[in-house]
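Step one of this worksheet: look at the structure below.
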2 protein chains.
Amino acid sequence: MDDSEFLAGYDPRAFPAVAVTVDVVALTIREGALHVLLVERGEQPHAGRWALPGGFIRPDEDLPEAAARELAEETGLAPRVHIEQLASYGAPGRDPRMRIVSVSYLAFAPRLPDPRAGSDAADAAWRRIDRLPELAFDHDRILGEGLERARAKLEYTPLATTFVDETFTITELRGVYETVWGVPLHAGNFHRKVLSVPGFVEGTGQTTEGGGTRGGPRARLYRAGDARLLHPALLRPAREEAAG
Amino acid sequence: MDDSEFLAGYDPRAFPAVAVTVDVVALTIREGALHVLLVERGEQPHAGRWALPGGFIRPDEDLPEAAARELAEETGLAPRVHIEQLASYGAPGRDPRMRIVSVSYLAFAPRLPDPRAGSDAADAAWRRIDRLPELAFDHDRILGEGLERARAKLEYTPLATTFVDETFTITELRGVYETVWGVPLHAGNFHRKVLSVPGFVEGTGQTTEGGGTRGGPRARLYRAGDARLLHPALLRPAREEAAG
DNA sequence: GGAATAGTGTCTCTTAGACACTATTCT
DNA sequence: AGAATAGTGTCTAAGAGACACTATTCC
């Protein structure tokens with residue numbers, strides 16, 4: 001793998017320095033809308049533009065640790081945050097100063113507090129997905145891939161539960177799906193479907209204190225079950241193919 | 001993303017060197033069995049052990065180019081090879097000499113010729129998945145994740161067609177699924193299912209020259225269609241959950 | 001002729017989704 | 001009372017899978 005290349009004359013120490021960063025696509029739901037954590041860059045290049053939070057990996061930390069640290073620097077790390085690797089990007093010109101390979105991570109978080117701008121950013125904020133400026137570097141692409149991954153993951157994993165409180169109603173869970181997928185779902189069918197998937201949610205025996213603000217009976221409260229995959233999956237409503 | 005960190009006192013140039021490599025999980029089917037491309041290491045560490053082909057990225061090449069180059073160095077790059085990124089690994093101790101971040105790629109290839117050992121390896125060979133030695137570094141884990149990705153991708157993409165010739169019979173295609181998934185499939189149901197998925201395969205009007213070696217009618221020949229996703233998907237037979 | 005295979009027909013069971021309906025709670 | 005919501009019942013259409021069957025080809 002690498003000795004190999006020493007033989008072939010490719011000593012990495014002779015290369016222009018390569019730096020490795022992690023960038024985090026952190027998603028949460030606020031006021032019924034999907035939000036992503038962004039930081040405003042204080043320095044060149046792209047000073048003043050918004051970007052995904054991220055930074056260089058440190059010598060003694062693994063990649064997932066670096067991603068968790070970067071997220072925590074902006075938000076304080078909540079206990080129930082889910083983090084998974086997304087993809088890596090290393091096009092030679094993606095940062096104008098030097099060769100940078102970025103490993104991106106996707107994070108799902110329940111109601112996090114407003115971020116504090118880390119030492120490394122002019123500002124930090126949760127921004128609505130549907131009202132975003134153009135991002136720095138290739139972060140638009142990374143965010144796009146993160147969103148698609150998130151939408152797909154809701155289909156076959158119980159990760160929608162990481163967007164809500166520890167106990168939640170089926171209607172709240174449906175709200176997560178509707179917000180992330182951007183489509184309305186049929187309340188009755190969704191309800192029955194969620195309860196029919198083994199291990200997705202488990203009842204607590206409790207109900208909400210009162211009905212909704214606009215009426216209705218008290219809803220039963222559930223917590224996340226122990227399933228790690230959903231069988232059968234909750235598929236997104238069929239987007240009609242453009243193909244004939 | 002990085003200016004930021006300069007401010008915080010993390011100049012990457014002051015770090016111990018970080019090297020970036022690509023490692024390739026290249027899969028093909030030979031004699032009805034799934035095979036992976038491995039190289040025998042000639043140098044320390046792990047001299048004499050088998051490993052995934054890979055090597056350092058070069059200053060002017062993007063990550064996918066590096067993966068394609070590494071694969072081509074061993075096999076000569078066939079025109080119909082599919083390559084996609086798998087994941088990245090950067091645990092501090094994964095290579096004993098220095099900090100190495102590896103970006104892994106997954107490749108599907110039809111009947112490739114026997115590999116030639118590149119300049120960088122003692123030997124190279126297609127090895128049966130079910131008869132593997134323990135691999136060097138963390139390559140067992142990378143291979144495992146590549147296999148799971150491949151099995152999942154056959155469900156909802158037409159990538160099974162990249163394992164067979166440009167024209168193929170439904171039975172040959174079924175053989176790909178059976179080999180990769182490791183389960184027998186019902187011939188009749190598979191046949192009807194494949195033809196019912198829009199854009200999966202398209203008929204050529206041709207048939208095989210003769211029937212099978214053990215009899216049977218001539219089979220129609222198909223080529224890959226233009227679908228990039230399969231709707232509906234071909235799901236793996238339900239593996240009964242251990243959960244009660 | 002006998003065996004193996006390609007391809008089709010048919011039936012059952014499960015699931016997605018549309019729609020209807022009851023019961024509960026808020027204003 | 002009227003409106004909104006939680007949760008359930010029922011019907012239909014589609015797909016997965018089991019099984020049966022015909023036609024074709026090799027030995």
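The chains referred to below are lettered A, B, ... by the order of the sequence lines, with proteins before strands, and numbering in each begins at 1.
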Check the distance between [N]'s [atom2] and [X]'s [atom1] and give it to me in whole angstrom.
X       : N       : atom1 : atom2 : value
L185(B) : dG15(D) : CG    : P     : 19 Å
R174(A) : dA4(D)  : CZ    : P     : 15 Å
H231(B) : dA14(D) : NE2   : P     : 17 Å
L221(B) : dG7(C)  : CG    : C1'   : 15 Å
L173(A) : dA6(D)  : CG    : P     : 13 Å
I170(A) : dT24(C) : CD1   : P     : 19 Å

Categorize T171(A) for me: base, sugar-phosphate, or nothing, with a 4.0 angstrom heavy-atom threshold over every strand shown. sugar-phosphate
Give T213(A) one of three labels, base, sugar-phosphate or nothing, depending on what nucleic acid heavy atoms sit under 4.0 Å from its own. sugar-phosphate
Is there side-chain contact between [X] and [Y], with heavy atoms separated by less than 4.5 Å?
X       : Y       : result
F108(B) : L106(B) : yes
L38(B)  : L52(B)  : yes
R131(A) : R127(A) : no
T208(A) : L221(A) : yes
L195(A) : Y222(A) : yes

Any ion pair linking [Y] and [X] (charged N to carboxylate O, less than 4.0 Å)?
X       : Y       : result
D114(A) : R30(A)  : yes
R236(B) : E155(B) : yes
E65(B)  : R69(B)  : no

Contacts of R218(B) and L234(B) projected onto DNA chain D by closest heavy atom; the upstream (5') one is L234(B)
DNA chain C in dot-bracket form (Watson-Crick or G-U pairs under 3.5 Å, [ ] crossing, | inter-strand) is |||||||||||||||||||||||||||
Establish, from distance only, whether the side-chain atoms of T167(B) and T204(B) form a donor-acceptor pair under 3.5 Å. no
Taking the inter-plane angle between the rings of Y177(B) and F200(B) on a 0 to 90° scale, is it parallel (under 30°), tilted (30 to 60°) or perpendicular (over 60°)? perpendicular
OP1, OP2 of dT8(C) versus side-chain N and O of R220(B): anything below 4.0 Å? yes
Phosphate OP1/OP2 of dG7(D): any H191(A) side-chain N/O under 4.0 Å: yes
Counting only heavy atoms and a strict 4.0 angstrom limit, can you tell me which residues of residues 198-209 of chain B come near DNA chain D? none
Distance, nearest 0.5 Å, that separates CG of L147(B) from CG of L27(B): 6.0 Å
Show the numbers, then the answer: is there a side-chain contact (heavy atoms from CB on, under 4.5 Å) between T75(B) and V81(B)? CA-CA 11 Å; T75(B) 64; V81(B) 173; over 6 Å; no
Would you mind telling me which residue lines up with the more 5' stretch of DNA chain C, P232(A) or R214(A), judged by nearest nucleotide? P232(A)
Could you pull out the protein-nucleic contacts involving nucleotides 19-22 of chain D (nitrogen or oxygen on both sides, under 3.5 Å)?
none

